[in-house]
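Chain A is the first sequence line, chain B the second, and so forth, proteins listed ahead of strands; every chain is numbered from 1. All heavy atoms count here, side chains included; hydrogens, waters and symmetry mates do not.
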Number of protein chains: 2
Amino acid sequence: MKKIVLASKNSDKVKEIRLALQSLPVEILSLADFDEMPDAVEDGLTFEDNALIKARFFGARTKLACLADDSGLEVDALGGLPGVYSARFSGYHADDTTNNQKLVDELKKIGVTESKADYRCVLAFVDTDGSEIVTSGKIDGTIKLAPKGNGGFGYDPYFYITESRTMAQLSPAEKNSISHRGAALAKMILELKGRLP
Amino acid sequence: MKKIVLASKNSDKVKEIRLALQSLPVEILSLADFDEMPDAVEDGLTFEDNALIKARFFGARTKLACLADDSGLEVDALGGLPGVYSARFSGYHADDTTNNQKLVDELKKIGVTESKADYRCVLAFVDTDGSEIVTSGKIDGTIKLAPKGNGGFGYDPYFYITESRTMAQLSPAEKNSISHRGAALAKMILELKGRLP
């Protein structure tokens, strides 16, 4: 069975991607299955750049087909920020709590109580023969200052997918069925099916 | 069983929505089930305006809960057009063929061979008690000048969801699982489940 390594150290993302790829005849590994894996330098200016940087980097080091995700939140009232800085919006030692606090602070600073926003995800797959597939997905929603829900991760508790419901109030399967990552994964699965035995 | 009328005369849209709502304990009617139904005046400036206009109009006339869709294609290189004009881009007697020709012509006129684009869908549900739910969905892709595939409708043959695959090459179930309408429907189903017996 073909082995694919997921180029992520974020265990929440690994869980979401594993769930979505269940239907494919592949063995999914994560970076946790390898010893002393260095970090890739994610210095791209776009999600696509960073996803490709990671997939090429970890594909080369593991000698396996590699699937990488780069994703983030784009808030209209903040001119598209945090964007590619989503994971480190509050600094290099950022976590979900400090990032969400920074998001709320930035909106309050400009007197905004809610703003339209997109979550965007780009997936890059680099096969052992060097061929590459890139797919992307988007979900639109509204950022509000009051968090809700304990599921998901990242900015999910502040990302309202309907008037009253946040991304953090969805089950993992519900989230995959409508999320930016779920959409990018569905497109990737269509492409991968064509090249698997 | 609760009856919901779909406020659309587009049989392709009705088919997609019926398929997605299969899991709900509701009876789905369409405007074809009613005699001599006038047209709603869709003069809103946004998808949301138009979806609400239709749901209120046909809800009032049928005295049933009503679900309306407004959706369209937003092409970056055309400043977001055709947008709310998607169904009548080539004029008031437009059809898919003339609209797609207009799309290709407009892009050629400005020397563009491909452009990033979103398909957007807004759904409005107006219940018999007057309460309203609005949900929306988005899918990102690329418009290219060479059409592919015979499925779907509208601009689907020109809307590339991956490097090589168009929306018109998806099965109905595949399309619902990743499309703008599928995402808006998934959000709507979450909300409707809360109010059905």
Side-chain angles (χ1 to χ4, degrees), chain A residues 20 23 46-48 52 71 74 76 116-125 131-142 148-149 151 159-171 173-195, chain B residues 20 23 46-48 52 71 74 76 116-125 131-142 148-149 151 159-171 173-195:
Chain A
S23 65
T46 64
F47 296 124
E48 180 167 350
L52 279 167
S71 48
E74 297 179 324
D76 286 11
K116 288 206 173 288
D118 282 340
Y119 255 137
R120 281 223 300 139
C121 171
V122 174
L123 294 174
F125 175 80
S131 61
E132 301 182 340
I133 304 170
V134 174
T135 63
S136 65
K138 235 182 216 185
I139 176 172
D140 58 323
T142 303
K148 261 195 201 177
F159 191 89
Y160 284 72
I161 57 165
T162 65
E163 186 59 30
S164 63
R165 192 183 306 255
T166 71
M167 194 89 123
Q169 294 178 291
L170 302 179
S171 72
E174 284 172 342
K175 184 174 173 186
N176 263 340
S177 79
I178 65 162
S179 77
H180 54 313
R181 189 166 297 106
L185 282 162
K187 292 175 181 173
M188 182 60 77
I189 288 168
L190 284 172
E191 295 296 306
L192 289 177
K193 271 185 184 160
R195 60 165 69 195
Chain B
S23 65
T46 64
F47 295 123
E48 182 166 349
L52 278 167
S71 49
E74 297 178 324
D76 286 13
K116 288 206 174 290
D118 282 340
Y119 255 137
R120 282 223 299 138
C121 170
V122 174
L123 294 175
F125 175 80
S131 61
E132 301 181 339
I133 303 171
V134 174
T135 63
S136 65
K138 236 183 216 185
I139 177 172
D140 57 323
T142 302
K148 260 194 200 177
F159 191 90
Y160 283 73
I161 56 165
T162 66
E163 187 59 30
S164 62
R165 192 182 306 256
T166 71
M167 195 90 123
Q169 294 177 291
L170 302 180
S171 71
E174 283 172 343
K175 184 174 173 188
N176 263 340
S177 78
I178 65 163
S179 77
H180 54 314
R181 189 165 298 106
L185 282 163
K187 292 175 181 173
M188 183 58 77
I189 288 168
L190 284 172
E191 295 297 306
L192 289 177
K193 271 185 182 159
R195 59 166 69 197

S.K.: With sequence neighbours left out, what residues match B:Tyr119 under ring pair (Phe, Tyr, Trp, His ring centres under 6.0 Å)?
M.R.: B:Phe159, B:His180
S.K.: Report the option among A:Ala183, A:Gly141, A:Ser136 that has the most heavy-atom pairs separated by less than 4.5 Å from atoms of chain B.
M.R.: A:Ser136
S.K.: What parts of residues 184-191 of chain B touch chain A if we use heavy atoms and a cut-off under 4.5 Å?
M.R.: B:Ala186, B:Lys187, B:Leu190, B:Glu191
S.K.: As an exercise, state the distance from OG of A:Ser164 to CD1 of B:Ile133, rounded to the nearest 0.5 Å.
M.R.: 8.5 Å
S.K.: A quick test of your reading: do over 12 heavy atoms of other residues, nucleotides or ligands sit less than 6.0 Å from CD of B:Glu132?
M.R.: yes
S.K.: Top residue by heavy-atom pair count (under 4.5 Å) with chain A, among B:Arg120, B:Arg165, B:Glu174?
M.R.: B:Arg165
S.K.: For chain B, find which of A:Leu170, A:Thr135, A:Ile161 contributes the most heavy-atom pairs closer than 4.5 angstrom.
M.R.: A:Ile161
